[in-house]
Amino acid sequence: MKGPKLETLPLPGMQDLLPADTHAWQFLERAFWDHASLYGYREIRTPILERIEIIDRTSGETSDIVTKEMFDFVDKGERTVVMRPELTAPAMRAVVEYNLCPPSTLLRLAYGGPFFRYGAIQKGRFRQAHQFGIELIGGVGPEADAEVIEFTVRFYEKLGLNNLVVLLNSIGRAECRAKYETVILDHLAPWLKDQETEVQDRARRNPLRILDWKEESIQPLLQTMPPLTDYLEDASKARLDSIRQFLGEVGVAYRLDPSLVRGLDYYTETVFEIQSRHLGAQGSLCGGGRYDNLLAELGGLPTPSVGVGIGIERALIALEAEGFAPLAPRPDVFVISAGKDARDTVRLLTSDLRRAGVRALSDVDGKSLRSQMRQADGSGATFALILGSDELTSGQYQVRALREQETFTVPAGEVVEWISARR
RNA sequence: ACGAUUGUAGCUCAGUGGUUAGAGCGCCUGUCUGUGGCACAGGAGGCCGUGGGUUCAAUUCCCAUCAGUCGUCCCA
């Protein structure tokens with residue numbers, strides 16, 4: 001029943017995480033959840049599939065993510081569904097549905113999981129990627145923005161990531177942004193006239209994103225354009241100033257970047273991003289900001305909120321560049337049978353050791369003593385416990401300390417405790 | 001989407017228009033009747049990414065395709 005050879009590679013942009021990789025992931029996951037609990041953030045888990053409207057309405061119909069990077073399809077119930085391209089909107093959908101954040105309350109949510117974007121693939125960019133995130137929902141004050149930013153910076157500090165740059169900006173509230181967008185278009189009108197219609201469309205669809213454009217010919221114009229800061233409402237300016245003050249007070253370094261905008265349309269006022277010098281083109285490790293209108297967009301009560309998404313793959317790439325190499329857990333003992341007589345005892349003793357909380361391995365194939373010693377060595381076990389007919393009759397077991405190359409004799413009845421104490 | 005580059009052993013990579021395609025590392029067995037790393041010897045393991053074309057002959061040359069990597073765009 002052998003057909004043509006199956007393609008066993010994962011789909012483009014998808015990754016298998018092998019045992020050699022998952023240890024670093026587990027390390028990162030533990031670090032994140034420890035950190036989240038320190039700040040009082042509690043986990044929420046939502047489905048990977050979402051109704052497409054949830055994403056359309058929130059991410060912005062003009063964003064790249066919605067227009068060309070959606071993993072969407074029609075399910076058997078003829079619903080158009082999408083593999084979530086980010087985690088904030090789904091979490092907020094749940095907040096609305098279960099009214100998790102009634103008026104005048106504060107809600108701290110954390111999450112971690114996969115998201116999907118059908119985009120180009122390169123270093124640090126996948127079609128299935130993973131992120132952690134937190135959302136501080138119902139927080140109006142600039143303290144909320146500062147808390148989320150500091151949370152993120154401290155998380156990276158704990159991981160041992162240095163060489164980070166925190167970029168900070170305010171893109172204002174909707175009214176102010178609308179005003180500024182006409183300023184942008186006016187300023188660029190002479191230049192835009194000579195561009196292809198595709199470029200003109202792109203500009204009109206979302207003028208703010210022009211700040212981000214990398215085209216050479218537009219750079220001089222961007223230089224002379226009045227900054228968005230000039231058009232911010234007083235309240236937005238005051239918020240930005242307070243955030244800067246709060247970050248300064250706790251020693252979080254940042255850089256104001258007036259050209260920082262985000263790819264998702266739901267942000268208001270505060271936006272920030274943290275970059276690593278290690279990643280080059282994909283320098284952004286995480287991105288976040290304030291989204292005061294998102295809950296209302298989803299049909300909930302207007303609820304000011306701020307959050308961040310932290311890319312797991314990118315954190316790992318940055319960690320690796322810093323020389324981070326997590327140690328795989330090693331067995332405490334490898335139990336070896338010298339000759340067939342001891343196999344039963346080996347099996348039972350291994351079971352006893354494990355039940356006592358000792359990481360114990362043994363051979364399952366009746367291999368030679370030498371082979372078992374090699375397995376023990378290769379496993380990185382601290383001890384090799386050797387059982388043969390001599391040991392069975394004398395009741396004195398031999399325990400070999402593989403690193404120290406010393407052999408101890410331990411009475412059979414005490415061997416579990418002996419190893420347990422020394423592992 | 002576009003551009004560059006690469007697909008040969010489990011891994012890293014040589015190599016050739018012509019019989020059985022190689023190395024290092026790793027793996028297995030033995031030298032060593034009950035003690036690992038070191039050394040030595042032996043061994044297993046390849047539709048040379050896939051499909052087509054040129055040719056007496058293709059892993060090698062050509063085309064296509066799929067996939068990886070890197071970059072542009074954008075982002076986590």
Side-chain angles (χ1 to χ4, degrees), chain A residues 4-15 18 20 59 62-69 84-88 112-133 152 198-199 202 206 209 212-216 260-264 271 273-276 279-288 307-318 334 336-342 363 365 367-392 397-407:
Chain A
K5 51 252 147 190
L6 285 174
E7 181 56 77
T8 51
L9 282 167
L11 287 164
M14 310 276 162
Q15 289 188 300
L18 307 183
S59 294
T62 60
S63 67
D64 284 340
I65 289 170
V66 166
T67 54
K68 38 185 205 209
E69 295 191 351
R84 61 186 185 193
E86 58 114 14
L87 298 186
T88 297
F115 63 97
F116 302 82
R117 295 181 192 173
Y118 202 99
I121 300 153
Q122 57 190 288
K123 187 181 177 69
R125 327 184 64 170
F126 310 96
R127 288 185 179 166
Q128 174 177 340
H130 302 77
Q131 64 179 214
F132 300 123
T152 311
E198 193 273 329
V199 176
R202 200 143 59 93
N206 196 341
R209 312 277 347 232
D212 223 10
W213 286 9
K214 305 290 192 291
E215 278 118 53
E216 283 294 321
L260 180 68
V261 293
R262 300 232 54 86
L264 299 163
V271 293
E273 179 172 315
I274 297 180
Q275 301 191 340
S276 159
L279 287 105
Q282 276 66 243
S284 115
L285 287 175
C286 69
V308 62
I310 298 171
I312 299 182
E313 284 84 355
R314 293 198 181 169
L316 287 169
I317 291 172
F334 199 106
I336 288 172
S337 63
K340 308 270 180 271
D341 297 348
D363 173 63
D365 283 336
K367 292 255 171 85
S368 68
L369 173 62
R370 176 184 180 77
S371 169
Q372 292 181 72
M373 281 302 286
R374 281 184 179 159
Q375 288 182 59
D377 189 48
S379 75
T382 310
F383 298 107
L385 179 50
I386 299 152
L387 301 188
S389 42
D390 292 355
E391 285 76 12
L392 294 185
Y397 291 177
Q398 288 192 52
V399 183
R400 173 94 173 153
L402 291 168
R403 286 182 64 81
E404 293 78 10
Q405 307 189 43
E406 271 181 88
T407 306

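Residue numbering restarts at 1 for every chain, and letters A, B, ... go by the order of the sequence lines.
Base pairing in RNA chain B gives the following stems of 3 or more Watson-Crick or G-U pairs, range against range and under 3.5 Å: B:1-7 with B:66-72, B:10-13 with B:22-25, B:27-31 with B:39-43, B:49-53 with B:61-65.
Side-chain atoms of S371(A) lie closest to U29(B) of the nucleotides U29(B), C70(B), U69(B). Each of G34(B), C75(B), G30(B) was ranked by its minimum atom distance to the side chain of R370(A); first place goes to G30(B). Nearest to the side chain of A338(A), among G34(B), U35(B), A67(B), sits G34(B). Distances from the side chain of R400(A) to the nucleotides G34(B), G36(B), U72(B) place G36(B) closest. Minimum atom distance to the side chain of Q122(A) is reached by G71(B), of the listed G71(B), A76(B), U35(B). Which of A76(B), G30(B), G37(B) sits closest to the side chain of F126(A) comes down to A76(B). In the set A67(B), C75(B), U29(B), A67(B) carries the atom at the smallest distance from any side-chain atom of P12(A).
Side-chain to base pairing of Q375(A) with G36(B): no donor and acceptor N or O lie closer than 3.5 Å to each other. Under 3.5 Å, the side chain of Q372(A) and the base of U35(B) form no donor-acceptor pair of N or O atoms. For C75(B), the base has a donor-acceptor partner in the side chain of R314(A) [N/O atoms by modelled type, under 3.5 angstrom].
Proximity of residues 383-391 of chain A to RNA chain B (heavy atom under 4.0 angstrom from any strand atom) is restricted to I386(A), G388(A), S389(A), D390(A), E391(A).
Spacing between G15(B) and A23(B) at atom C1', rounded to whole Å, works out to 10 Å. Comparing the C1' positions of A9(B) and G26(B) gives an interatomic distance of 11 Å, to the nearest angstrom. Separating the C1' atom of G51(B) from that of A58(B) is a span of 14 Å, rounded to the nearest Å.
Within 4.0 Å (heavy atoms only), G288(A) reaches no atom of the nucleic acid at all. Across all strands, A376(A) comes closer than 4.0 Å to no nucleic acid atom at all (heavy-atom distances).
Here C38(B) presents its C1' atom at 11 Å from CD of Q405(A), a figure rounded to the nearest Å.
The 5' end of RNA chain B is approached more closely, in terms of each residue's nearest nucleotide, by Q398(A) than by the other of Q398(A) and F115(A).
By the 4.5 Å heavy-atom criterion applied to side chains, D363(A) and S371(A) are not counted as neighbours. The closest side-chain heavy-atom distance from V261(A) to V271(A) is not below 4.5 Å.
Annotation for L402(A) and M373(A): closest pair CD2-CE, 4.1 Å, computed over non-hydrogen atoms.
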